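Below is one structure, written out as structure tokens; the observations come after it.
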Amino acid sequence: MRVGVLTGGGDCPGLNAVIRAAVRKGVQQYHYEFTGFKDGWRGLLTGAAVPLGIPAVRGILPRGGTMLGSSRTNPFKERDGVRRIRENLGRSEVDALIAIGGEDTLGVAARLWEQYGIPCVGVPKTIDNDLSATDYTFGFDTAVGIATEAIDRLHTTAESHMRVLVVEVMGRHAGWIALHSGLAGGANVILIPEQRFDLDEVCGWVTSRFRASYAPIVVVAEGAMPQDGDLVLKDAAAALDSFGHVRLSGVGEWLAKEIERRTGKEARTTVLGHVQRGGTPSAFDRWLATRFGLHAIDAVRDGDYGVMVALRGTDVVRVPLAEATARLKTVPLERYEEVKVFFG
């Protein structure tokens, strides 16, 4: 039995822990062989493969990113994509594939299994924590920790100069990072994609904090939108990726300018960007990613394909890939209302 492994989409702390766990258990207990495909689905399209054994995965547990590389490649947008995948799986003598990624990567895996019978098992990875079939995705805890530390540091410089500091965090469709880091970091305003914001209300919250002799911190997810406007983009002319996504960023700078213009208070922006993706994974993400890797190779052993491993409470379970990618997990209104007591 030979198992293929790939990591797709944005890089994420914990990817290496999944690879390590699947290879260690697969080799030691099941006597499987492993092949890693470079740069996500692109590697399967081009045949870029490397052997994976226990020596190759030693020492990678605390490393961020992915030893296999990643890309936002959609094989269904490539000419003869499925045929090329079949040929390269056969050339590498791969019997089953473990795909580690988020909504787009796992959506491809689901389609390959359902429509073409290619044996796939999914592992949920995204710092946005927006896959509905799992309580948590690995990478999210690390990203929240990085964002919270940044907010903690920005409080002191905001207070020293009595200025507004706007912190832009990642979150295209889901505001989980903004919600968790903003609450943990003591932000005075949190803006998320799920709830359009009233700019006058935001400025009112900012002004009330200054009346209390306090410099406010505003945390905004990159996908947040004003009530009377559209998505704010730094580069509106940027090309879409192969999954139809535009490159986000820009709402933080726009928001700071509007706050300064309307309130007369100096406002600055900090865009955390890819800092949230980088570096060593947190202890929780190492634990979760390792368990996901162990359970993914068990699913392969059982011949249980077309599933994704998921965390439900403290248990790791299997759910259909189709269910896992059917809809995004977004912040519910009641969860957002909980934290508004700290606004203004």
Side-chain angles (χ1 to χ4, degrees), residues 9-14 72 101-106 124-132 134-151 154 165-197 202 217-227 229-235 238 240-241 243-256 269-279 282 285 325 327-340 342-343:
D11 62 296
C12 175
R72 297 187 184 277
E103 173 199 9
D104 296 324
T105 300
L106 297 184
K125 172 261 3 165
T126 166
I127 65 169
D128 290 335
N129 197 41
D130 59 0
L131 284 170
S132 61
T134 183
D135 290 349
Y136 285 99
T137 56
F138 69 86
F140 172 67
D141 185 72
T142 303
V144 168
I146 295 296
T148 300
E149 181 180 354
I151 295 167
L154 290 170
L165 279 179
V166 178
V167 185
E168 183 184 300
V169 300
M170 285 184 169
R172 178 180 297 274
H173 302 296
W176 293 108
I177 294 176
L179 187 77
H180 282 236
S181 64
L183 182 61
N188 309 112
V189 182
I190 302 171
L191 306 176
I192 61 176
E194 294 86 343
Q195 303 294 326
R196 285 181 175 259
F197 60 86
V202 171
I217 300 285
V218 178
V219 175
V220 57
E222 60 188 357
M225 291 184 286
Q227 280 184 350
D230 297 319
L231 196 64
V232 180
L233 300 174
K234 187 174 183 179
D235 184 6
L240 303 180
D241 67 19
F243 291 98
H245 301 313
V246 67
R247 184 186 304 168
L248 295 186
S249 188
V251 66
E253 190 67 35
W254 175 85
L255 187 60
T269 307
T270 297
V271 180
L272 296 185
H274 289 82
V275 171
Q276 296 157 92
R277 290 192 181 280
S282 67
D285 280 340
T325 57
R327 62 182 179 86
L328 290 177
K329 180 178 67 180
T330 55
V331 177
L333 176 60
E334 59 269 21
R335 190 75 61 87
Y336 186 60
E337 291 292 334
E338 283 180 359
V339 306
K340 290 182 74 172
F342 298 106
F343 292 7

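Numbering starts at 1 and runs along the sequence shown. Just so you know, these numbers come straight off a predicted model, no measurement behind them.
- Atoms CE and CD, on Met170 and Glu222 in that order, are 6.0 Å from each other to the nearest 0.5 Å.
- In terms of heavy-atom proximity, Ser132 sits nearest to Leu328 at CB-C, 4.3 Å.
- Val166 and Gly252 make their closest contact through CG1-O, 3.8 Å (heavy atoms, listed as atom of the first residue, atom of the second, distance).
- Side-chain atoms of Leu255 and Leu191, non-hydrogen and from C-beta on, do get closer than 4.5 Å to each other.
- Distance CG/Leu106 to OG1/Thr325: 7.0 Å, rounded to 0.5 Å.
- Taking every heavy atom of both residues into account, Val202 and Phe197 meet most closely at CG2-CD1, 4.1 Å.
- Here the CD-CD distance, from Gln195 to Gln227, works out to 10.0 Å after rounding to the nearest 0.5 Å.
- Side-chain N or O atoms of Lys329 include one that pairs as donor or acceptor with a backbone N or O of Thr134 at under 3.5 Å.
- For the atom pair Ile192 CD1 and His173 NE2, the distance stands at 14.0 Å (nearest 0.5 Å).
- Pro13 and Phe138 get closest at one heavy-atom pair: O-CD1, 3.4 Å.
- At least one side-chain heavy atom of Glu168 sits under 4.5 Å from a side-chain heavy atom of Val251.
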*Could you walk me through whether Lys125 and Thr137 pass side-chain contact (heavy atoms from CB on, under 4.5 Å), step by step?*
CA-CA 5 Å; Lys125 172 261 3 165; Thr137 56; 6.0 Å; no
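- Between the side chain of Gln276 and the main chain of Ala147, no donor-acceptor pair closer than 3.5 Å is present.
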Hey, can you pull the donor-acceptor pairs under 3.5 Å for the side chains in residues 331-338, sequence neighbours left out?
residue, atom, partner, partner atom, Å
Tyr336, OH, Ile190, O, 2.5

Residues 178-186, side-chain donor-acceptor partners within the protein, below 3.5 Å, at least two apart:
residue, atom, partner, partner atom, Å
Ser181, OG, Ile177, O, 2.6

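- Within the 4.5 Å cutoff, no side-chain heavy atoms of Asn129 are placed close to those of Val144.
- Closest heavy-atom contact between Asp130 and Ala174: CB-CB, 3.8 Å.
- The line from CG of Leu272 to CD1 of Ile146 is 9.0 Å long, rounded to the nearest 0.5 Å.
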*Apply side-chain contact (heavy atoms from CB on, under 4.5 Å) to the pair Ile127 and Arg277, showing each step before the final yes or no.*
CA-CA 7 Å; Ile127 65 169; Arg277 290 192 181 280; 3.9 Å; yes
